[in-house]
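Just so we're on the same page: letters track the sequence lines, and every chain starts at 1.
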Amino acid sequence: MPISEGTGMTHLIDVLYERGFVEQTTHQDELREYLDQAGRSCYIGFDPTADSLHIGSLVPIMALAHVQRCGHIPIALVGGGTGLVGDPSGKTEMRKLLGPEDISRNAESIKSQLARFIDFEKDRALLLNNADWLAHLEYIPFLRDVGRHFSVNRMIRAESYKMRLESDEGLSFIEFNYMLLQAYDFLMLFDRHGCGLQMGGSDQWGNIVAGIDLIRRMRQKSAFGITFPLITTSSGAKMGKTEKGAVWLDAGKTSPYDYFQYWVNTDDRDVQRFLALFTFLPMAEIQEVETLSGADLNAAKRVLAFEATQLAHGLEAAKKAYHAAASMFGKGEIPAGLLSSSAIHKGEAEFGDAAVPRSTIDRKELESGIPAFQLFCRVGLTASGSAARRLVDQGGAYLNGERIPNFDTLISAKDLKEGAILLRAGKKRYHKLSVS
RNA sequence: GGUGGGGUUCCCGAGUGGUCAAAGGGAACAGACUGUAAAUCUGUCGGCGAAGCCUUCGGAGGUUCAAAUCCUCCCCCCACCA
C-alpha cells in the first residue's frame with residue numbers, strides 16, 4: 001500500500017478504491033498527486049430538504065470520513081440555495097419549497113448527524129451552505145461570467161440529461177440549470193477554501209465535470225472529481241428501503257434497534273462489501289469474510305450491524321441494540337478471530353432488552369382483557385385491526401413465544417411474565433408491553 | 001391557444017353500466033424450509049368485533065334501480081400543432 005509522503009497515512013485514493021467507493025475519477029495520476037499533500041479539501045453536497053439523512057447518504061458520509069482520516073479536510077456542502085428552488089428531478093409531485101428557516105434548521109440537524117462520523121472541531125471539517133453565494137446571485141452578471149462558459153450542445157449530451165430529454169417527462173429549465181449552479185458551487189469552494197476535489201454519486205458526474213471545466217476556464221487551475229457507484233443490495237433494491245420507508249440516521253425516526261436490525265438482515269452476498277463501505281474495520285479483517293458461510297457469516301452480519309450502529313448512534317446504543325437482539329434472537333457467539341478490531345468483542349453478548357420497542361398499558365385495562373388483534377394493532381405491530389386478524393389467522397402472532405390461536409383471544413394480566421408481555425409479529429418484529 | 005391521448009387500490013397495469021374491493025405482475029406481509037440470508041412452495045394483501053356494512057378508481061356535480069365505467073364543468077400530465 002503506497003503511503004503518502006510525510007503523513008504516515010494511507011493514501012486516500014487507495015483507501016477509497018480498496019473499500020469500493022470509486023466508480024470513476026478524473027485524471028487519475030494528477031488526482032493522486034494532488035492528494036499526496038496533506039490538508040487538501042474535498043467536498044460533497046447534501047440535500048437539506050429533509051431534517052435527517054438516511055442510509056442512502058451513508059456512502060458520501062463515509063467517504064468524507066475517510067477524507068478526514070487520511071489527513072485531508074472534508075467539506076459538507078448543504079444545498080440551501082438549490083433547496084430554495086426545489087429540485088424537480090424524477091419527482092412526480094412538486095416538492096414543496098422550503099424557506100430559509102427550514103433549510104437552516106435542517107442543515108443544523110444534518111450537521112449534528114455528520115458530526116458522528118466527521119470531526120468538525122477546529123476547522124478539521126467544514127459545513128457550508130451554498131445559499132451563502134447562490135441566494136444573492138444576480139442573473140445578468142451570472143450569465144455573463146459563468147453562463148458563457150457552458151455549451152448547451154455539450155450539456156444536452158451529458159448522460160444525466162440525455163435520459164430525461166428522451167423521456168416523456170422532459171427536463172425543466174430549473175433542472176437544466178443545476179449543472180451551472182453546482183459548477184458555480186465548486187468554483188466558490190475552490191476560491192474560498194482551495195477545494196480542488198468534489199465527490200458525489202454517479203449521477204453527479206456531469207455536474208462535477210462541469211465544475212472542473214469552469215475552474216479551468218475561469219482560473220486556469222486543475223480540479224478533480226470522484227464518483228461513487230450506486231449501492232444496491234444484491235437483490236436489486238436500493239439501499240435503505242424497507243416496508244416502513246427510508247432508514248434514517250436520526251434515532252427519533254429510526255430507532256437504533258431498528259437500525260441494527262436493518263444491517264443484520266443484510267443479504268449474504270452484501271456482507272463483505274458493506275463492511276468495507278460502512279465500517280472502518282481494517283480491510284485485512286474484512287477480506288476474511290469472503291470465506292465464511294452459515295453461522296459465521298451470520299456473526300459477521302452482527303458485527304456489521306454493531307459497527308454501523310455504533311457509528312450512527314454511539315457505542316452505548318450499539319450495545320443496547322446488540323443485547324436486545326441477543327435476548328430476542330439468541331446469543332449466537334461471535335467467533336473471537338472474526339473481525340477482531342470491532343468493539344463488539346469488548347463486551348460479551350448479554351441479554352438485555354432495553355432497546356426492544358416497548359410501550360405501557362394501564363393495569364386496569366389489562367386486567368379486563370383485550371382481544372389479541374386489538375392489542376397488536378394498538379402497539380403498532382400491524383397497521384390495522386384487519387391486518388392483525390389476518391396475522392393471527394395465518395399463525396403469525398405470538399404471545400410470550402406461544403402462537404396465538406384466535407384473533408379474539410383475550411390477553412390479560414394473567415399473561416404477564418415478570419411484569420411484562422412480549423408480543424411478536426412474524427419472526428422478527430417484537431414489542432414489549434409493560435403495565436403502568 | 002388548438003387537436004389528440006391519458007389520470008385506477010403501495011408501484012406498474014387491466015377493466016368502458018351490474019357477476020368490481022376491482023384481472024395480472026411487482027413490492028410487502030404470514031406460514032413451511034432455514035442461518036434474523038437467499039431461493040422455493042403455499043396463503044394473504046382497503047376499513048370495520050362474522051353474515052353484512054362502510055370508504056375507494058384525478059376533483060365537483062348529474063343521469064340511472066345500479067357508475068371506475070355514461071353526461072357536464074374543473075384540475076393535472078403527455079404528444080403533436082401554434
Peer 1: Under 4.0 Å, heavy atoms only, any strand: does A:D267 hit a base, just the sugar-phosphate, or nothing?
Peer 2: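 Sugar-phosphate, backbone atoms only, no base.
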Peer 1: Rounded to the Å, how far apart are A:D296 CG and B:U36 P?
Peer 2: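 The answer, rounded to whole Å, is 14 Å.
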Peer 1: How do A:A383 and A:K428 order along RNA chain B: which one's closest nucleotide is nearer the 5' end?
Peer 2: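 Closer to the 5' end of RNA chain B: A:K428.
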Peer 1: Provide the Watson-Crick or G-U wobble partner of B:C10, both distances under 3.5 Å; none if there is no partner.
Peer 2: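 Base partner found: B:G26.
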Peer 1: What I want to find out is whether A:K320 reaches A:E316 closely enough, with some N-O distance under 4.0 Å, to be called a salt bridge.
Peer 2: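 No salt bridge links A:K320 with A:E316.
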Peer 1: For B:A32, take OP1 and OP2 only and decide whether either is under 4.0 Å from a side-chain N or O of A:R403.
Peer 2: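 Yes, within the criterion.
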Peer 1: Where the side chain of A:A325 is defined as all heavy atoms beyond and including C-beta, which of B:A37, B:U36, B:A32 is the nearest nucleotide?
Peer 2: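 Output: B:U36.
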Peer 1: Let me know the distance between OH of A:Y262 and C1' of B:A37, rounded to the nearest Å.
Peer 2: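 One finds 13 Å between C1' of B:A37 and OH of A:Y262, rounded.
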Peer 1: Could you give the distance separating B:C74 and B:G4 at their P atoms, to the nearest angstrom?
Peer 2: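 That atom pair is separated by 15 Å.
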Peer 1: If the C1' atom of B:C48 is compared with that of B:C41, how far apart are they to the nearest Å?
Peer 2: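 Approximately 33 Å lies between the C1' atom of B:C48 and that of B:C41.
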Peer 1: Ion pair present between A:E365 and A:R378, side-chain N to carboxylate O less than 4.0 angstrom?
Peer 2: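 A:R378 and A:E365: salt-bridged.
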Peer 1: So if I take every side-chain heavy atom of A:R390 and compare against B:A38, B:C29, B:U44, which nucleotide ends up nearest?
Peer 2: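 Side chain of A:R390 sits closest to B:U44.
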Peer 1: Which part of the nucleic acid, if any, lies within contact of A:R424, taking any heavy atom under 4.0 Å across all strands shown: a base, the sugar-phosphate backbone alone, or nothing?
Peer 2: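 The answer is nothing, as A:R424 stays clear of every strand by at least 4.0 Å.
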Peer 1: With C1' as the reference atom in both, quote the distance from B:A82 to B:U56 in angstrom, rounded to an integer.
Peer 2: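 Straight-line distance between the two C1' atoms is 40 Å.
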Peer 1: For A:K427 and B:U34, give me the distance from atom NZ to atom P, rounded to whole Å.
Peer 2: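 So the two atoms are 11 Å apart, to the nearest Å.
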Peer 1: Which is true for A:S386 with a 4.0 Å heavy-atom rule: it touches a base, it touches only sugar-phosphate, or it touches nothing?
Peer 2: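 Base contact - A:S386 has a heavy atom under 4.0 Å of at least one base atom.
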Peer 1: May I have the distance from A:Y322 (atom OH) to B:U36 (atom P), rounded to whole angstrom?
Peer 2: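 These atoms are roughly 14 Å apart.
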Peer 1: Taking atom C1' in both B:G2 and B:A68, what distance in whole Å separates the two?
Peer 2: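 Between the two C1' atoms, the distance is 30 Å.
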Peer 1: Quick check on RNA chain B: between A:S384 and A:G330, whose nearest nucleotide comes earlier from the 5' end?
Peer 2: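 Result: A:G330.
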Peer 1: Partners of A:F142 by ring-ring contact (aromatic ring centres under 6.0 Å, His included), sequence neighbours excluded?
Peer 2: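 With neighbours one apart ignored, the set is A:Y184.
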Peer 1: Sort out the partner of B:G4 for me: Watson-Crick or G-U wobble, both distances under 3.5 Å, none otherwise.
Peer 2: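 Partner of B:G4: B:C78.
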Peer 1: Looking only at atom C1', what distance separates B:C57 and B:C11, rounded to whole Å?
Peer 2: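 Result for the C1' pair: 15 Å, nearest Å.
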Peer 1: Give one of base, sugar-phosphate or nothing for A:R389, where a contact means two heavy atoms less than 4.0 Å apart.
Peer 2: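 Sugar-phosphate contact only.
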Peer 1: What's A:Y398 touching, base or sugar-phosphate or nothing? Going by heavy atoms closer than 4.0 Å.
Peer 2: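 Sugar-phosphate: the residue A:Y398, judged by heavy atoms under 4.0 Å, touches backbone atoms but no base.
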Peer 1: Report the distance from atom CZ of A:F274 to atom C1' of B:A37, rounded to the nearest whole Å.
Peer 2: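 Rounded to the whole Å, the gap is 12 Å.
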Peer 1: Can you name the ring-ring contact (aromatic ring centres under 6.0 Å, His included) partners of A:F373, sequence neighbours left out?
Peer 2: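 A:F407.
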Peer 1: Measure from CD1 on A:I370 to P on B:G49 and round the result to the nearest Å.
Peer 2: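 Rounded to whole Å, this separation is 14 Å.
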Peer 1: Rounding to a whole Å, what distance do you find between A:I334:CD1 and B:U36:P?
Peer 2: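 After rounding, the reported distance stands at 13 Å.
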Peer 1: Ignoring the backbone of A:D268, work out which of B:G35, B:C29, B:U36 is nearest its side chain.
Peer 2: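 Side chain of A:D268 sits closest to B:G35.
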Peer 1: Given that both distances must come in under 3.5 Å, which nucleotide forms a Watson-Crick or G-U wobble pair with B:C73?
Peer 2: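 The base-pairing partner of B:C73, which may sit in any strand shown, is B:G59.
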Peer 1: Taking CG from A:D408 and P from B:A50, how many angstroms apart are they, rounded to a whole number?
Peer 2: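 Taking CG of A:D408 and P of B:A50, I get 11 Å after rounding.
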Peer 1: Any salt bridge between A:R269 and A:D267, counting N to O under 4.0 Å?
Peer 2: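 Result for this pair is yes, salt bridge flagged.
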Peer 1: Does the structure show a Watson-Crick or G-U wobble partner for B:U36, both distances under 3.5 Å? Name it, or say none.
Peer 2: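 With both distances under 3.5 Å required, B:U36 matches none.
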Peer 1: Examine the base of B:G31 for any acceptor or donor lying under 3.5 Å from a partner atom in the side chain of A:Q394, and report the outcome as yes or no.
Peer 2: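 No such pair is found, so the answer is no.
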Peer 1: Touch check for A:Q261, heavy atoms < 4.0 angstrom, all strands: base, sugar-phosphate only, or nothing?
Peer 2: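 Here A:Q261 touches the bases of the nucleic acid.
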Peer 1: Taking the P atom of each, how far is B:A38 from B:A32, in whole Å?
Peer 2: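 About 16 Å, rounded to a whole number of Å.
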Peer 1: Just to verify, which of A:F351, A:Y257, A:Y430 counts as forming a ring pair (Phe, Tyr, Trp, His ring centres under 6.0 Å) with A:F329?
Peer 2: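 Among the candidates, only A:Y430 passes.
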Peer 1: Need one value for A:F407: base, sugar-phosphate or nothing, where a base atom within 4.0 Å counts as base even if backbone is also close, heavy atoms only.
Peer 2: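 No contact at all - A:F407 keeps every heavy atom at 4.0 Å or more from the nucleic acid.
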Peer 1: Going by atom types alone, do A:N265 and A:K428 pair a side-chain donor with an acceptor below 3.5 Å?
Peer 2: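 Yes.
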Peer 1: Provide the distance between the two P atoms, one in B:C20 and one in B:A39, to the nearest whole Å.
Peer 2: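 One P to the other, the span is 34 Å.
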Peer 1: Rounding to the closest angstrom, what is the interatomic distance between B:G58 and B:G13 at atom P?
Peer 2: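 Per the computed distance, 14 Å lies between those P atoms.
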Peer 1: Check this for me: does any side-chain nitrogen of one of A:K432 and A:D353 sit under 4.0 Å from a carboxylate oxygen of the other?
Peer 2: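 Here A:K432 pairs with A:D353 in a salt bridge, since their nearest N and O are under 4.0 Å apart.
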